[in-house]
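Accompanying notes for the structure given below.
Keep in mind that this is a model prediction, so the values were computed, not measured. Protein chains get the first letters and strands the later ones, always in sequence-line order, with residue 1 at the start of each.
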Amino acid sequence: MSRTPLDTVEHAAATPDVELPWAELGLKKDEYERVVEILGRRPTGAELAMYSVMWSEHCSYKSSKVHLRQFGEKAPRSDAMLVGIGENAGVVDVGQGYAVTFKVESHNHPSYVEPYQGAATGVGGIVRDIIAMGARPVAVVDPLRFGAADHPDTKRVLPGVVAGIGGYGNCLGLPNIGGEVVFDACYQGNPLVNAGAIGVMRHEDIHLAKASGAGNKVILYGARTGGDGIGGASILASETFDDAKPSKRPAVQVGDPFQEKLLIECTLEAFQEKLVVGIQDLGAAGLSCATSELASNGSGGMRVTLDDVPLRDSTLSPEEILMSESQERMCAVVEPEKVDRFLEICEKWDVIATVIGEVTDGDRLEIFWHGGKIVDVDPRTVAHDGPVYERPYARPEWQDALQADDANKLPRPQSSGELKDQVLKLVGSPNQASKQWITQQYDHFVQGNTVLAQPEDSGMIRVDEESGLGVAIATDGNGRYAKLDPYTGAQLALAEAYRNVATTGAKPLAVSDCLNFGSPEDPAVMWQFAEAVRGLADGCLQLGTPVTGGNVSLYNQTGEAAIHPTPVVAVLGVIDDVARRTPVAFQEDGQLLYLLGDTREEFGGSAWSQVVHDHLGGLPPKVDLERERLLGEILISASRDGMIDSAHDLSDGGLVQAVVESALLGGRGARLVVPDGLDAFTFLFSESAGRAVVAVPRSEEVRFNDMCGARGLPVTRIGVVDGETVEVQGEFSLSLTDLREAHEGTIPGLLA
Amino acid sequence: MARVVVDVMLKPEILDPQGQAVQRALPRLGFEGISDVRQGKRFELEVDGPVDDAALARIHDLAESFLANTVIEDFTVRVESEDAVAEAVK
Amino acid sequence: MARVVVDVMLKPEILDPQGQAVQRALPRLGFEGISDVRQGKRFELEVDGPVDDAALARIHDLAESFLANTVIEDFTVRVESEDAVAEAVK
Amino acid sequence: MTARIGVVTFPGSLDDRDTQRAIRVAGAEPVALWHKDKDLKQVDAVVLCGGFSYGDYLRAGAIARFSPVMDTLIDQAKAGLPVLGICNGFQILTEAHLLPGGMLGNDHLHFICRDQKLRVENADTAWTSDYTAGQEIHIPLKNMDGRYVADRRTLDELESEGRVAFRYLGMNPNGSLNDIAGISNAAGNVVGLMPHPEHAVEPLIGTGRTDGLPFFTSILKKLVNA
Ligand SMILES: Nc1ncnc2c1ncn2[C@@H]1O[C@H](COP(=O)(O)OP(=O)(O)O)[C@@H](O)[C@H]1O
Ligand SMILES: [Mg+2]
């Protein structure tokens, strides 16, 4: 879009009839007209670039905003919330003066185009969000979804994504402590690569993205700005893939984790010396986003000289510089007398830093290029006043038929032999199999504070070496459940993540989410989205865990076919002393196994129905959040008071899956007895929510039972830790060797 | 038997952190006068049978679909002359 | 400005799993008739000023002391001809 | 009296804080060293820690090897200063030719993170005297470029002189020749290994074992008794 003469504000005012490529930049006609109305003239090319990226679905949340408001409106009262939705990431008080920030984001489309770099830059982006809050990043998690495990393209996408997440996170020195790997044909052309990060800081170190104080300098630091990923986020995130239009696929960004590691260290050093007034990372929409958000959140205006931006490619136009999504850059607002020290720290870490502008006492964002003013806008109109859509939504007409196709009526195993075969098949199925081949490509140990990592129910990090204070995180989502009922599916995702945190002994505090859906222009998808948000907001209110932030990824769709609605929920918890954490592995022969919660015949969306019948239909398991809360309290008390030595939550795959995992991890088997009132099949495979299995030392049996009884939680003794087999009395016995082969052989067999 | 070489380099507009790291180290090693460094991959394929146009076309396909990701990388295919092979071995 | 290319390959006696992985994938991709694949690195250095013998000697030193680890790798240095540069750009 | 043990931070070092903690846990005093300073602050020993110095671009350890701090370190190591290279530190030591051979990408081409079983082959070095020869230990391993290679002659020399300090047991996680996990120089003051002893010094954390602590107590005893 280089033009002569330079398209300055003045020039734009004088040439109202010049046609701008607003449609190519993804704006709708009425949106363009809004811009003209706001400015009172046509925008300059640079202004158009800014509005178009900032008003994209990805940056403006225009389709989702009206629904997301519920997270604020229904937010439970929580003393833990220090910073809520709207900032780079939410911040939660975890006690002892510590605050924790965490968030999950998607990098789905880029990871399909270039799996390694797409996933790597996804990690890079979320980590910068965490640094921008003032925190030291301490861990990452990676909820992933791929197409069918045996599809040839999965063999291209998955290894690349995993190598990219590892390549970036490992190089940053961030332990990877959790995530998910799910295979389903619905994700074939739309893999989901979500990445989450956690950071820790002292309360007084919280930083916000705002530019205040006239005269303060705006410093851009980190990588030079190049032409990569121009329009990347906006176009990639707002268009469905269409093979007929490959030209629509813009360049993918390449990440430099080494540069980001330097960025972390020099930013933290600057924080430590209290040099920073406001700070913003450069992610989607690059400088357009950083400058407009900093300026609109601050008290004054901002003036930026684009000529001062260090470039990697000297031929870039000002519009391209504003839109560039070059990775590993940050923007800081620094008082004039502290600028020298800030630049010194950057130099110490070999990070390029340049003053590109300053905060003004006006209220405009003004950007200059070669002496001409090419942007003159009210920054709020760019950053916050984007379009808001009330997209039509409607429950799809196929929903009734889907729910009527009851999984509880599927043929069940007729003999003990068949039951046993199905157990082996289940634990060896790609979704239930061990993900070790993947997770061992991630560093779990770096930073020396990892208390729990894969394959524990939640990852746990020690925050304070003296007191043992720690935080835990789990991410969960089940697209099959959500497809059957998006409201319940979202609550089940929340319930599972909550349960996973509590199972390890940590108290759930707050929620982040990543909402992955198809096209919002499809009313059926929009209904799924609306229902899922409503479910999650209601659920968070009931559990007392506020949503602190999150991310929406729409257009995950190939042609007419949308992915399963896939709300991924991350729950953050706190534990006073990590020495009290509860692991999954069986610890000692002879310990008693108890099943907590109620087991019903619930097979809709279950792993069993998928693995044995390739079926998806009926209703997902019922949700009882009061029960989840009670279960959580019991698990936390039992851990604190040393009543249990291991615990594992029950989720997809049911009881047998959980017991097999605990057995294989501990290298000890179990003898199980089917409780009265249940048949073996339901006992083993049902996916009723609100349940966990715990191993209780004999000395604690009475105390533990009394506690459950007193609080009214159903508890059933189901067996004992023992031997080299998993045996279901009167039914079958499977050796740990055979189970291990089935459980651990599948993924390497498919991918190695 | 002939050797075909496929060179794969990041597209010029794409960040090359590896090349940059090398370049930034040069002054420390006492090297001046190198204004840019880019690092890529070199594949040496030993081809059975004649390297005719058909064979080269197939290797071109291979490079395009597998050895390079053309979203971010360019590649070139060339037959390595006997001389070059001899020199490289030296 | 001239371009000097340094190719770095693992010594022949050292296992090259990357090359092997490529080779093993070939039949799956429908490729026959490639008996060996080795993967190495290619450095493109843009040299300011003339690339005379002295300059090449210095780049040779650079390759030997830095770009390659001669305990495990061999290297070659060559000036890329104008043609080759043109071709690569194409 | 205690010993002062330096830990060098290069750009991209990751385990510097952990290594300092391990030194502290063992009872010695950690001293932070910076790659741009030639000054070793008169420490009694140095650990080159894990990480991706300079992003491990070019080759693991290749760029860090040319840091100012390494100029001094190479001289002093040759003069007898005890130096331990862990993972990236080991890679730097081979690039600096303080230890023979070289490090290449894992033969399976993936990063690998696991609790690795090792056998202590040489308990006579500055960093291994608190182990007994033949002892089997578990220490976390995490790397991309862990494959130790050297020519036949070098390998024979290492083996015959007892300079293979640690060997992988159970499984060779990267294709290292002779299952080598760590080696020492002829004098025994310079030791390098791929696994991370600093991640195995506290119960509860990491794998929950403390099999790595003897590295740090070995050197402490040696220095204090010297
Ligand atoms: N992509 C991944 N990255 C990191 N950890 C993972 C990943 N996928 C699965 N895990 C870990 O493997 C374990 C088992 O995963 P999953 O079966 O999904 O757990 P759950 O059913 O308890 O939620 C968990 O510890 C989980 O965090
Ligand atoms: Mg779980």
Any chance you could measure L45(B), atom CG, to Q39(C), atom CD, to the nearest 0.5 Å?
10.5 Å
Interatomic distance, CG@D16(C) vs CD@E44(B), rounded to 0.5 Å, equals 9.5 Å
Pick one of side chain, backbone, both or neither for F43(C), based on which atoms fall under 4.5 Å of a heavy atom in chain B.
both
Quick check: are there more than 12 heavy atoms from other residues, nucleotides or ligands sitting under 6.0 Å from CG of D52(C)?
yes
Quick one, L26(B) with L62(C), criterion side chain to side chain contact (heavy atoms under 4.5 Å, CB included). Give me CA distance, side-chain angles, the key distance, then yes/no.
CA-CA 9 Å; L26(B) 296 181; L62(C) 176 69; 3.6 Å; yes
Where on L29(C) is there a heavy atom nearer than 4.5 Å to chain B: the side chain, the backbone, both, or neither?
side chain
V22(B) and F66(C): which non-hydrogen atoms are nearest, and at how many Å?
CG1-CE2, 3.9 Å
Supply the atom-to-atom distance E46(B) CD to Q23(C) CD, rounded to the nearest 0.5 angstrom.
9.5 Å
Euclidean distance, D36(C) CG relative to D48(B) CG, rounded to 0.5 Å:
10.0 Å
Criterion side chain to side chain contact (heavy atoms under 4.5 Å, CB included) on R42(B) and K41(C), from CA distance to verdict
CA-CA 5 Å; R42(B) 173 186 166 94; K41(C) 296 175 199 160; over 6 Å; no
